Amino acid sequence: MALSSSTLCHQNLTKPYYISFHKQPHILSHLQFQTPPKTLTLDPKFTITGGCKLSGHVPISGSKNSALSILAATLCCSGTSKLHGVPNLSDTRTMASILRSLGAEIEACNGEMWINADGVGSVEPCPEDIGKIRGGFFVIGPLLARFGEAVVALPGGCDIGTRPVDLYIRGLRALGAIVELGDGKVRAQAANGRGLVGGRFRLDHPSVGATETLMMAACMADGVTVLSNVAKEPEVIDLARFLTGSGACVEGAGSDTLYIKGKNQLHGSECIVPPDRIEAGTFMLAAAITRSSISMSPVIPSHVACLIDKLLAAGCKITCAHDTLEVSAVPDDVGDNLQGFDVRTCPFPGFPTDLQPQTMVLLTTCNGSSIVEETVFENRMGHVRELQKLGARIQVCGSTAVICGKEKGSALLSSQLVAKDLRGGVSLVLAGLAAEGVTEISGIAHIDRGYENLDAKLRLLGADIKRLIPLTSPL
Ligand code: UD1
């Protein structure tokens with residue numbers, strides 16, 4: 001089916017995502033893994049020879065952010081929870097390590113994970129691990145709900161703004177917790193010495209993490225909780241679906257108000273982590289940036305509706321059949337060049353901030369000037385300086401960037417770049433695919449936090465990308 005914006009408007013954004021297990025892509029069996037060359041480097045690096053056209057099909061992994069919140073939620077459950085399609089990423093491994101530091105038992109194999117939190121005997125997860133990822137902080141909700149107490153270090157994650165936790169703290173207080181912040185840790189305790197109680201809380205801003213954390217806490221609070229101005233991201237719906245499958249009573253996920261009736265106990269359940277909309281969006285943009293045609297699955301089109309609209313406006317051809325999306329920007333299909341467009345990032349269903357850097361790369365290759373306005377995080381322009389090293393003409397003023405496009409295709413030139421955060425880092429990879437010559441990118445641990453086998457998947461599509469791994473043994 002060829003897509004238009006009106007097609008997407010009619011899609012039910014909260015429709016459950018069901019696929020049978022055997023349809024999940026077995027990524028390891030699809031991909032050719034490259035033996036890294038024995039080259040002496042201090043950090044792992046990517047080297048990319050630009051100019052290759054991409055073609056073929058790429059499997060999309062399970063959603064990182066859904067997996068992280070669902071993993072946190074397994075702490076609410078007695079018995080074993082089984083997750084399918086958990087992406088093998090440094091962030092999900094860190095989350096598993098956080099759960100283990102509390103006493104949970106976890107087994108993982110080929111994207112499946114079994115979590116049993118019956119043996120949890122600590123309410124203070126490993127602070128070093130919490131400091132590595134933003135999602136680690138979410139465990140404060142389940143710990144407080146189940147054990148009446150939690151001591152959680154302040155979270156890490158990408159350096160893209162101040163990223164406070166005030167909404168989490170005020171929300172937990174509204175559920176009857178005494179919460180104090182000191183020495184880099186948040187200490188929370190149920191005020192009545194027993195457990196949380198239902199309450200009402202309106203978030204000043206629809207924070208995804210605060211919504212998810214408060215939802216988990218409210219599922220085991222005594223009474224009814226009403227959370228308003230909550231996040232509507234698909235990951236919030238995924239979490240609500242897991243919690244409901246585990247015996248919780250959550251209504252309103254996907255709207256701006258959540259109604260939650262607390263239960264004494266939740267039980268482990270089985271769930272499939274839906275596909276990662278940001279990974280899908282990144283590959284859609286890779287096709288556009290390289291003026292190529294690729295397909296990908298599984299994708300939930302309504303999750304990437306905003307990007308589809310923008311790519312259609314630019315002149316790309318997009319078709320969709322079941323859960324497969326095909327993006328073409330091949331000149332024979334779409335004409336000589338794509339047209340630039342303006343972007344303003346917003347909470348879902350607006351344009352995702354996690355696709356802003358990658359979109360900016362596309363705009364450097366389009367006709368005309370474009371404006372990108374970042375409204376979610378106050379410091380998410382770190383990739384611009386690196387893109388400028390490639391010759392991109394981008395001017396930043398506060399949280400707004402003006403991008404001068406090229407009249408005909410990309411004229412980005414190669415350089416040595418440093419990835420400083422996850423999405424900014426992957427935008428450099430996309431730029432390297434289009435740049436003339438060999439681009440070298442260090443700091444790729446940031447990219448490995450959120451993209452499963454990125455380089456192997458790009459090679460599968462025909463890109464010339466190599467991962468140089470530091471030598472640990474003599475030649
Ligand atoms: C999640 C995603 C991240 C995505 C972001 C926005 C995970 C693990 N990460 O991050 O990939 O970029 O949603 O879609 O799911 N804020 C406050 N006070 C708070 C909490 C948030 O002021 O207590 C502000 C933040 O500083 C930011 C804005 O709210 O400016 C949005 O942040 P939020 O939605 O909370 O993002 P995360 O949940 O951290």
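In listed order, ligands and their atoms are each counted from 1. This is a predicted model, so every value here is computed, not measured. All values below were derived from every heavy atom in this structure, side-chain atoms included, with hydrogens, water molecules and symmetry-related copies excluded.
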Between [Y] and [X], is the closest basic N to carboxylate O distance under 4.0 Å?
| X | Y | value |
| --- | --- | --- |
| Glu374 | Arg344 | no |
| Arg194 | Asp222 | no |
| Lys64 | Asp91 | yes |

Next on the checklist: Any heavy-atom pair between the side chains of Met296 and Pro59 that's under 4.5 Å?
Outcome noted: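 Heavy-atom side-chain distance check fails, nothing below 4.5 Å.
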Next on the checklist: Side chains of Leu390 and Leu417, heavy atoms from C-beta outward: is any pair under 4.5 Å?
Outcome noted: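 Counting from C-beta outward, Leu390 and Leu417 do come under 4.5 Å.
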Regarding ligand 1, does [X] bring an N or O atom to under 3.5 Å of one of the ligand's N or O atoms?
| X | result |
| --- | --- |
| Ala210 | no |
| Asp166 | yes |
| Glu212 | no |
| Thr353 | no |
| Val208 | yes |
| Lys64 | no |

Say whether [X] and ligand 1 are in contact under the criterion: heavy-atom distance to a ligand atom below 4.0 Å.
| X | result |
| --- | --- |
| Pro164 | yes |
| Arg380 | yes |
| Glu235 | no |

Do [X] and [Y] have side-chain atoms, one donor and one acceptor, less than 3.5 Å apart?
| X | Y | answer |
| --- | --- | --- |
| Thr353 | Thr345 | no |
| Arg200 | Thr225 | no |
| Ser295 | His57 | yes |

Checklist entry - Which ligand 1 atoms, with their elements, are less than 4.0 angstrom from a heavy-atom of Gly209? => result 35 (O), 38 (O)
Next on the checklist: Distance under 4.0 Å to a non-hydrogen atom of Tyr168: what atoms of ligand 1 satisfy this?
Outcome noted: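 Here the atoms of ligand 1 in question are 20 (C), 23 (O).
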